Visitor: 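Please read through the structure below; I'll follow up with questions.
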There are 4 protein chains.
Amino acid sequence: MPKLGMEPIRRDALVKATIAEIGAAGSLDVTVARIAKRAGMSSALAHHYFGGKDQILVAAMRHILTLFGAEVRGALAMADTPRARIDAIVRASFSPANFRTETIGAWLAFYVQAQTSPDARRLLAIYRRRMRSNLLAGFRPLLADRAEIAAETVGALIDGVYIRQALRQGAMGRDDAVILVNKCVTGLVGEGH
Amino acid sequence: MPKLGMEPIRRDALVKATIAEIGAAGSLDVTVARIAKRAGMSSALAHHYFGGKDQILVAAMRHILTLFGAEVRGALAMADTPRARIDAIVRASFSPANFRTETIGAWLAFYVQAQTSPDARRLLAIYRRRMRSNLLAGFRPLLADRAEIAAETVGALIDGVYIRQALRQGAMGRDDAVILVNKCVTGLVGEGH
Amino acid sequence: MPKLGMEPIRRDALVKATIAEIGAAGSLDVTVARIAKRAGMSSALAHHYFGGKDQILVAAMRHILTLFGAEVRGALAMADTPRARIDAIVRASFSPANFRTETIGAWLAFYVQAQTSPDARRLLAIYRRRMRSNLLAGFRPLLADRAEIAAETVGALIDGVYIRQALRQGAMGRDDAVILVNKCVTGLVGEGH
Amino acid sequence: MPKLGMEPIRRDALVKATIAEIGAAGSLDVTVARIAKRAGMSSALAHHYFGGKDQILVAAMRHILTLFGAEVRGALAMADTPRARIDAIVRASFSPANFRTETIGAWLAFYVQAQTSPDARRLLAIYRRRMRSNLLAGFRPLLADRAEIAAETVGALIDGVYIRQALRQGAMGRDDAVILVNKCVTGLVGEGH
DNA sequence: CATGAATGAGTTTTCATTCAT
DNA sequence: TATGAATGAAAACTCATTCAT
């Protein structure tokens, strides 16, 4: 069985298994053994490739963030007006992939992990900076100096709607989420838009 | 010399110690031993009074929610216009007690616990229902049938701002938080208010 | 079973079990589980009382050193001439308790541990200082300024004879060891004594 | 491109890497992986050539002993009086190569290993026999029937001084070591020599 | 000849929980 | 009421060793 070039395959499988496991468990209380099993290998191999549990977790988080970033970039590429840019970000935030219970659970768990892990915090900070600068680029042409606060508001609102989804019960659909945030955006940029 | 009626005192001490410990740790990875030590008793006694770790955790969450509820009620009592009611809720949400890093950390941790513990989820659902109905009571006179979405928006925004505070870095102050949310409220209810 | 005041009993049992286990294994490759089992308790309890494996090991070393120190002190108390003092130290070094294969194995293992553990090194340094000052007190009246080198020589010789004993094969008896070192002492202090 | 006759090269590299690694670690707690890495090959290859960790360790020990033996032989070749022979052995024992912290650490570690590994014990026994017969050859012409005990004494003293060096702190230099042992030799063979 | 891949067995350590007193 | 004592179960992590290529 042992072929060459297994490392990227194994790492990838582990990252995906980690997200799945966290999502299923709803928390970071996930054992390396379970992750490895789900990924179809021994826990020793997981350690071999990642060095330790924390690094597996961080890699999983990075993966989610990367996917999200790609989604945003893809949506932004098709947006040609400022308002469309904002819309694109909102839509990407609540895209099917991001809105899966699994992903939300993992995301929430990472928030908690960021409380103690510098690596996790750094990643989350990067995500937030990007989000902010993307929103700002959309709001600036529309609101000039009021763009800052608008970006902050929409950023927080997205996070809030997203996090509320974590309580599976009484959750709203993706479309509802998009509509809700968009209504707020409309309120911020004024009736004229 | 064992005194009578120690139970409420012990329970209270444990609940407070739990919140402090969770806040300090930034996660639910808190041992019963540490909580009990902080509360000045043996872990065996903690078990005796609560039956198990999960129940201690839930009691702590209930405590936070109760405090928050009292704060909201107190603020609402002094509000005599719909807008003032909304304002009161926002202010209470970011009150000094609620905005302490400790409390935020505990709150976040409970969100995660709600993923797996039905008790925790129920408590969180109650909090959300109350929040929603309170906001609705404020928005209804101002927005009629658009009140629902406004309440949902502000609720989510509060959660979002709150949760963002958990990343201690780049956080905003209480006043800024209140102002941010209020700006959004103003946008929702229109210029006239 | 759980009575009060078990701690010193348990600690003592663990220390003795550790020495026995190290002696039996002939190296520090000894598991906490085995030590605990020999001491009649779970490994968890061993950790509870000592905090970790290293501390158990250091405690065992300290125990050996304490025993040795007591033996030397006892022997010295009965010595009334300088030469008798030196003799007492030599005899104590090769006392039955110290010359047991178990003890020698443990001693040797600790030498190795001192390479990496600061605690172990400190203990060994203390032992050496005491040994040196004791020998010096014996040699000074006899050799004046040549006492230093004599003390160093006899100290090293004792260690050498002792360590050679670790290779069970071709070892000498206690009496032979004492005679050997004493011959050297006689050579050092001159024929007249 | 696998070359022919790599075996001796690989084995040699592994042996040297082993000694270096043991010396650096100060104990036998050395992994095959680290040794192999230091020797520039995979751990699998190390196993291939030696069969197992223990055998690698024993080979390393044999290497040290061989070096030491050669050094002694070289020094003896230039000695033309009995006393010079003894001197040569002492000097070789504390030669720069043997007195390196690395070597001393490895030596000490092997002493411990000899407690459990018959192979290691056999090697150490050989070393001791040689040492003894070499010293005896020097002492016999000088001391006749007292040569035995003198050889034993000096052998043990060399070991003792050597082992004391392992506690890096408060160690003496090579020259001091030689002087110390020589003073003892002088004492043993008497003033006239 | 050489190695990346893979793992089973073992080690330390932690912790919620139980129990006799 | 209160606790020190005690442990079983599980977790992360390590490592010598094997094997297909």
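These figures come from a predicted structure and were not determined experimentally. Side-chain atoms are counted along with the backbone in the values below, which use heavy atoms only and exclude waters and symmetry mates.
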Visitor: Using a cut-off of 4.0 Å on non-hydrogen atoms, how would the nucleic acid contact of C:Thr31 be classed: base, sugar-phosphate, or nothing?
Guide: sugar-phosphate
Visitor: Counting Watson-Crick and G-U wobble pairs only, both distances under 3.5 Å, name the nucleotide matched with F:dC13, or none.
Guide: E:dG10
Visitor: Figure out the CD1/C1' separation between C:Ile35 and E:dT13, and round it to whole Å.
Guide: 14 Å
Visitor: What is the separation between atom CZ on B:Phe50 and atom C1' on F:dA2, rounded to the nearest whole Å?
Guide: 16 Å
Visitor: Taking C:Tyr49's backbone N and O only, do any of them form a donor-acceptor pair with C:Arg11's side chain (distance below 3.5 Å, no angle check)?
Guide: yes
Visitor: Start at the 5' end of DNA chain F and walk down; is the nucleotide closest to C:Ala44 or to D:Val30 reached first?
Guide: C:Ala44
Visitor: Given atom CG of A:Leu57 and atom P of F:dA12, what is their separation to the nearest angstrom?
Guide: 10 Å
Visitor: A:Met6 has an atom CE; how far is it from atom P of E:dA5, in whole Å?
Guide: 8 Å
Visitor: Name the residue closer to the 5' end of DNA chain E, choosing between B:Lys53 and C:Lys53 according to the nucleotide with the nearest heavy atom.
Guide: C:Lys53
Visitor: Step by step, work out the side-chain contact (heavy atoms from CB on, under 4.5 Å) result for A:Ile163 and A:Ile104.
Guide: CA-CA 7 Å; A:Ile163 234 81; A:Ile104 296 174; over 6 Å; no
Visitor: In whole Å, what is the span from the NZ atom of A:Lys37 to the C1' atom of F:dA11?
Guide: 16 Å
Visitor: Would you tell me if any nitrogen or oxygen in the side chain of A:Tyr49 comes within less than 4.0 Å of OP1 or OP2 on E:dA5?
Guide: yes
Visitor: Between atom CG in A:Asp54 and atom C1' in F:dC13, what is the gap in whole Å?
Guide: 12 Å
Visitor: Measure CG/B:Leu45 against P/E:dA16 and give the value in whole Å, please.
Guide: 16 Å
Visitor: Both A:Ala33 and D:Ser43 contact DNA chain F. Which one's nearest nucleotide lies toward the 5' end?
Guide: A:Ala33
Visitor: For A:Met41 and for D:His48, locate the closest nucleotide of DNA chain E by heavy-atom distance; then report the residue assigned to the nucleotide nearer the 5' terminus.
Guide: D:His48
Visitor: Output yes when a side-chain donor or acceptor of B:Thr66 lies under 3.5 Å from a complementary backbone atom of B:Arg62, and no otherwise.
Guide: yes
Visitor: Can you measure A:Glu7 atom CD to E:dG4 atom P for me and round it to whole angstrom units?
Guide: 11 Å
Visitor: What is the base-pairing partner of F:dA5, counting Watson-Crick and G-U wobble geometry with both distances under 3.5 Å?
Guide: E:dT18
Visitor: Does the side-chain contact (heavy atoms from CB on, under 4.5 Å) test come out yes or no for C:Asp54 and C:Asp119, once each step is laid out?
Guide: CA-CA 9 Å; C:Asp54 283 2; C:Asp119 280 336; over 6 Å; no
Visitor: Would you give the length of the straight line joining atom CE of B:Met61 to atom OG1 of B:Thr18, rounded to the nearest 0.5 angstrom?
Guide: 13.5 Å
Visitor: Would you tell me if any nitrogen or oxygen in the side chain of B:Arg10 comes within less than 4.0 Å of OP1 or OP2 on F:dA2?
Guide: yes
